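Read the structure below first, then the notes.
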2 protein chains.
Amino acid sequence: MNYTIKDVAKKANVSIATVSRILNNQKGYSEKTKRKVLEAIEELDYHPNAIARGLINKKTSTIGVLFPALSSMLVTELLAGIEKAAHQLGSSVIVCHTESNGSKTMKYLQLLNEKRVDGIIFTSEILKEEYYEFIQKMNIPLVLLSTESRAYSVPYVKVDDRHAAYSAAQYLIKKGHTRIGMISGNQNDLIAGKPRIDGFKDALMDHGLSVDDSRIVCSEGFTFADGIKGFKKMRQQAAEVTAIFAASDEIAFGAISAAYQQGIRIPEELSIIGYDNLSIAEMSIPPLTSLAQPFYEMGEKAANMIFDMINGEQLVESRIMPHSIMERSSVAEKEE
Amino acid sequence: MNYTIKDVAKKANVSIATVSRILNNQKGYSEKTKRKVLEAIEELDYHPNAIARGLINKKTSTIGVLFPALSSMLVTELLAGIEKAAHQLGSSVIVCHTESNGSKTMKYLQLLNEKRVDGIIFTSEILKEEYYEFIQKMNIPLVLLSTESRAYSVPYVKVDDRHAAYSAAQYLIKKGHTRIGMISGNQNDLIAGKPRIDGFKDALMDHGLSVDDSRIVCSEGFTFADGIKGFKKMRQQAAEVTAIFAASDEIAFGAISAAYQQGIRIPEELSIIGYDNLSIAEMSIPPLTSLAQPFYEMGEKAANMIFDMINGEQLVESRIMPHSIMERSSVAEKEE
DNA sequence: TTGTAAGCGTTATCAC
DNA sequence: GTGATAACGCTTACAA
C-alpha cells in the first residue's frame, strides 16, 4: 500500500506534475488525461501523503488544543465540539494535557511548534506571558476557550461569568429567596472564580439584598470535595441561608451530599443551583437546576474561529456565548 | 522565528550534515564543533521541523485514537492515560470521534493514513472487518482498548468483563443476598453487554442460586435513562429482588434516582452495585459501591503497547487488567 | 572529522 | 496541455 504520486504518474503515463494538478483541481489538462489519472488513482488506491504536503504547503491541517485537566467532565464537551468542527473542515486535533503546569505547557507549545500545527486553542486557563510570547513567535492563530486575557488582545469564546452568576443569583431571588449563600471556586482564580463571586454580589445588591461575606464560602477549586467542605462551612457560618448558588455542578453535588447527611431536604428546606449544567446535573437527587454553559457549541465556535483566522480572516471577534438556566428540581419557591 | 538547519549550519560554519548528526546524537564530530553548533542552535532558538523529519524518517511521532463517543465519562480517563504515556514517549495523540458510524470511521482511518500516524488505538467498539483490513494495509500497529476481537488476532487491553461481572455478583452474594437482579446493557453488545450478563449468571449458578430471567432486565445502552427505565421494569417484574447489579455507573445512578422516587431506601431496602467506578460514583447518595475498571491505567498500557510495537517488538501480549471492587455505601449486608 | 549530494513525496514555476 | 525541475527541511550514504 501507500503508493506515491510517482506510481500514479507512471501507471497513467503522465508526469507527476499533471497528477498533482488533477489532485488539486487546478487547470492544465484534458478531460481525457484526467480520466486516465483518476483511474490509475482508483486502481492503486492512492492517497496523497499529508506529511509531504505539509512540508511544502506549510500547512498541516492540524490544530493543537491545550487543556489543564483532561478528566474534568466539561472538557469532553468542549473537545467534542472542537473535534466536530475541525473534522468538518478537514483538520485533525492534537490534545495536550498541561496539568496547569507552566513548564509542561511550554513543552507542549514547543512540540506543537515542531509539528507545525496551523493553530492553537488554549482552554480554561490564564494565558501567561511566556505562553503568549511563544505563540506569537510561532506566528499562528490562537484562540482562547473558556478563558480570556486582559493583558493581550486574543480572541476568545466564553460565557460572561459575571453575568451568568448574576443570572443564577437573580433566579434564586425571583424565587423569593432573600438569604442566599454561595459556595464559590477560588477567588484568586480571575477567570472562573472571581467573576462569579462578583456577579453574585451584584445581583444581591441590585435587588436590595445585603451582601454578607459570611454567606460566601470560597473553596480551593470546583470539585465535589470542595462542595462538601464548603457546605459544612456554610452551615456553620450562615445557617440561616435558604438557597445556595454553587459555582460548579460538582460543588453542587458535594453540597447536596453533605446536606443529605445532615438531614436537610432539598429543595424543601434548602434550594441549590449549580453552574455548568454538565450531564451529571440531571442525575442528582433531586435533579439539579443549573446555569448552563453551552460547552459543545463553545468548542465548535472556537474551532471555527481558528479556521477563519487560518484562512486569513483578519478581524475575528470574540464571542460571548449565551448562558441559560436549566430548570430542574433543586430550587423551590420561597414563601414569605 | 523557525530557522532551518541551514541557518544553524551557516551560523556555526559547518555543513547541515554535521548539524544533523549533532541533533541526532550520532558520532562523527569533535567536541569543539559540537559546542559551536549547540551554541548556534541556542542563539537562533532553532527547533527541528517535525514534518520534514517525518517525511524522511517515515515516522511522525503521532498516534491516532478512535472513540465512538467523546462525551462519555470513561473516555476522558482513557484519553488521559493514553495522552500521558504518549507524551512521555515523545508522541502526540490525534483524537477521532467516530460516533460508532462505519463510514465516519473509515474516513478517519483514511485521514490517519494520510497523516501517516505511527499507530492506532481503537477503543470501545467492535473492530469490523473493513476497519481491520484497512489498518492492515496501512501496515501500522493497532491495539484495541476496552474491546477485543474474536475474528482477528489484535492485541488488546481490557478488563475481563465476564469475570468482573462475576465478581460484582459474587460480592452481592457474599453480602447475603439471594434474590439478585441485574440491569444490563444491550445483550447484543458482544463486548460490554453479553459478557457481563454471562458473568452475572455464572456467579449465581456457582453459588447455587437459581437464574431467573425476569430478574435480568436488558437496556438499550448504559445510560442514566436506561437505568431509570430498567429499574422501573425490574420493580414490575421482580419486586422481590434485594440487590441489583447495574452494568454501568450511569445505570446505577438512574436506578438510584428511580428508587428514590418510589421511596425505596438504599441500601436499607435495596442494595445496588455499579460498574466502572467513574468519578461520579462517589457523588451519589449514598456513595456508589462499584466494580472498578482502571481506565487511566488501561489507556497508559494501551499506549505503551503501541509504542512497543512501533519500536519493533514482535509479540505484544494482550493485557487483561485487574478489576476491583470499590466499596462505598450502596450495598448492605442482608440478614437471613 | 567533515562535506556533498541524493533522496523522502509533494507543489509550483518554468519552459515547451 | 504537459513535463522537467527546483524547492520544502531534513537524514544518510558516500566521499574526501
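Here is how names work: the chains are called A, B, and so on, in the same order as the sequence lines, proteins then strands, and each is numbered from 1. Since the structure is predicted, the reported quantities are computational estimates derived from the model, not experimental observations.
Here the P atom of nucleotide D:dA7 and the CG atom of B:L55 are 17 Å apart, to the nearest Å. For B:K10 and C:dG3, the NZ to P distance is 15 Å, given to the nearest whole Å. Whole-Å rounding puts the A:I51 CD1 to D:dC10 P distance at 14 Å. Spacing between atom NZ of B:K6 and atom P of D:dC10 amounts to 10 Å, rounded to whole angstrom units. The distance between atom CG of A:N24 and atom C1' of C:dG9, rounded to the nearest whole Å, is 13 Å. Separating the CD1 atom of A:I5 from the C1' atom of D:dG3 is a distance of 13 Å, rounded to the nearest angstrom. The distance between atom CD1 of B:I16 and atom C1' of C:dA6, rounded to the nearest whole Å, is 11 Å. Taking atom CG of residue A:D7 and atom C1' of nucleotide C:dC8, one finds them 13 Å apart after rounding to whole Å.
Side-chain N/O atoms of A:S20 include one lying less than 4.0 angstrom from OP1 or OP2 on C:dT11. Side-chain nitrogen and oxygen atoms of B:K58 include at least one within less than 4.0 Å of the OP1 or OP2 phosphate oxygen of C:dG9. Using a 4.0 Å cut-off, some side-chain N or O of B:R53 falls inside it from OP1 or OP2 of D:dT11. In terms of phosphate contacts, A:T18 brings a side-chain nitrogen or oxygen within less than 4.0 Å of OP1 or OP2 of D:dG3.
Residue-level contact check: A:Y46 touches the backbone only, with heavy atoms under 4.0 Å from sugar-phosphate atoms and none from bases. As judged by a 4.0 angstrom heavy-atom cut-off over every strand, B:T4 is placed among residues touching the sugar-phosphate backbone only. At the heavy-atom level, A:K27 lies nowhere under 4.0 Å from the strands shown.
Of all heavy-atom pairs between B:K34 and B:I22, the closest is CA-CD1, 3.6 Å.
Checked against the 6.0 Å centroid criterion, the rings of A:Y108 and B:H87 qualify as a close aromatic pair.
Residue B:R116 places no side-chain atom within donor-acceptor reach of the base of C:dG9, judged by atom type and a 3.5 Å distance cut-off alone.
Note on ring orientation: taking the six-membered ring where Trp is involved, the planes of A:Y131 and A:F122 are tilted (angle from 30° to 60°).
Sequence order on DNA chain C of the closest nucleotides to B:S30 and B:I56 puts B:S30 first from the 5' end. Comparing A:N49 and B:T33 by the nucleotide of DNA chain C whose heavy atom lies nearest to each, the residue mapping closer to the 5' end is B:T33.
Side-chain contact of B:S92 with A:K115: a donor-acceptor pair under 3.5 Å is present, judged by distance alone. Between B:E125 and B:S100, the side chains place a donor N or O and an acceptor N or O closer than 3.5 Å (distance only, hydrogens not considered).
Side-chain proximity of B:N57 to D:dT12, D:dG1, C:dT13: nearest is D:dT12. Among the nucleotides D:dA4, C:dT11, C:dT4, the one closest to the side chain of A:S15 is D:dA4.
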